Amino acid sequence: GEFVTRCGRMPQLILVTADSTLDVNSVIRSLQRMAPEARIACVSSVPQIGALTNRGRSRLALLGIADPRGRAGLGFAEGASKSQEHAYEAGRQAARMAINDAKRADKPDVLIVNGTFGFEEDILAGIKTVVDDVPVIGGSAAGDLATRGWWVASAHKDRVSVGNDAVSVVMMWTSVH
């Protein structure tokens, strides 16, 4: 309803920031019902705060992107917080998966990277072996430290990946420059 009305068309990509105590699988299922073809990338935020928006705090914030002449690819890999070596490999695997998902061989215009914390620079170094000299935005998942209650997730159709030791990579080839 309102989600599609606001952007004027069905989004191809949905970026999500959510309170880490929300059930990410329920969030993804709901979004997939609203936009079944969309790629979905989620990152957890501080419990009971979620996202800061222009309207204040929100336990769930969504950004839908529709670019009919553009393309997006979504990748995900486990092991981002285990060690430097694992984080490097997770970044590399997630980047390769995103390129394969997009079915593109050229360099993307922008990357959106969200990972679990600890070895963020190593994740980026792994991604750099796949694509270099591309602007990167994103951040680290947040949540309850005592319970490791943070996560990143990605979903497209039947593929749903959620982890508290993982990285999600979105590559975008945009028609707007």
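If you're wondering where the values come from, they're calculated on a predicted model, not measured in any experiment.
To the nearest 0.5 angstrom, His86 atom NE2 is 11.0 Å from Glu78 atom CD. The line from CD of Glu85 to NZ of Lys82 is 13.0 Å long, rounded to the nearest 0.5 Å. Considering CG of Asn164 and OG of Ser20, their distance stands at 11.0 Å, rounded to 0.5 Å. The line from CD1 of Ile127 to CG of Asp132 is 11.5 Å long, rounded to the nearest 0.5 Å. Rounded to the nearest 0.5 Å, atoms CG (Leu15) and CG (Leu63) are 5.0 Å apart.
Not a single donor-acceptor pair under 3.5 Å links the side chain of Glu121 to the backbone N or O of Phe119. With Ser44 contributing its side chain and Ala18 its backbone, the two residues share no donor-acceptor pair below 3.5 Å. The main-chain N or O of Lys157 is found under 3.5 Å from a side-chain atom of Gln32 such that the two form a donor-acceptor pair. In this structure a side-chain-to-backbone donor-acceptor pair under 3.5 Å is missing from Ser81 to Asp165. For Ser168 (side chain) and Phe76 (main-chain N/O), no donor-acceptor pair under 3.5 Å exists by modelled atom type. At distances below 3.5 Å, at least one donor-acceptor pair connects side-chain atoms of Asp101 with backbone N or O atoms of Leu74. Side-chain atoms of Asn114 come within 3.5 Å of backbone atoms of Gly139 as a donor-acceptor pair (strictly under, hydrogens ignored). Arg71 places no side-chain N or O within 3.5 Å of a backbone atom of Trp173 that could act as its donor or acceptor partner.
Tracing side-chain contacts under 4.5 Å through hydrophobic residues (I, L, V, M, F, W, Y), one reaches Ile65 starting from Ile137; they form part of the same cluster. With hydrophobic clusters built from ILVMFWY side chains whose heavy atoms lie under 4.5 angstrom apart, Ile123 shares a cluster with Met171. When hydrophobic clusters are built by joining Ile, Leu, Val, Met, Phe, Trp and Tyr residues whose side-chain heavy atoms come closer than 4.5 Å, directly or via intermediates, Val167 is not grouped with Met97. Val46 and Val43 are not part of a single hydrophobic cluster, where members link through side-chain heavy atoms under 4.5 Å apart. Hydrophobic clustering places Ile14 together with Leu22 (ILVMFWY residues linked when any side-chain heavy atoms are closer than 4.5 Å, directly or through intermediates).
In terms of heavy atoms, Thr116 sits closest to Gly163 at CG2-O, 4.2 Å. Between Asp122 and Gln84, the shortest heavy-atom contact is OD2-CG, 3.3 Å. When all heavy atoms are compared, the tightest approach of Val162 to Val24 is CG1-CG1, 3.6 Å. Across all non-hydrogen atoms, the minimal contact from Ala153 to Ile28 is CB-CD1, 3.9 Å. The minimum heavy-atom distance linking Arg39 with Ala72 is given by the pair NE-O, 3.3 Å. The minimum heavy-atom distance between Ala94 and Val169, with the atom names listed, is CB-CG2, 3.6 Å.
Contact of the Met172 side chain with the Asp109 side chain is not registered, since no non-hydrogen atoms from C-beta on lie closer than 4.5 Å. In this structure, the side chains of Ser154 and Arg159 come closer than 4.5 Å at one or more pairs of heavy atoms. In this structure, the side chains of Leu62 and Leu31 come closer than 4.5 Å at one or more pairs of heavy atoms.
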Val160 and Arg29: CA distance, side-chain angles, deciding distance, side chain to side chain contact (heavy atoms under 4.5 Å, CB included) verdict: CA-CA 9 Å; Val160 177; Arg29 279 192 303 274; over 6 Å; no
Residues Val113, Glu120; criterion side chain to side chain contact (heavy atoms under 4.5 Å, CB included); working and verdict: CA-CA 10 Å; Val113 178; Glu120 293 89 337; over 6 Å; no
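Heavy-atom neighbours of His156 NE2 from other residues, nucleotides or ligands within 6.0 Å: above the threshold of 12.
Asp67 and Thr174 share no side-chain donor-acceptor pair at under 3.5 Å.
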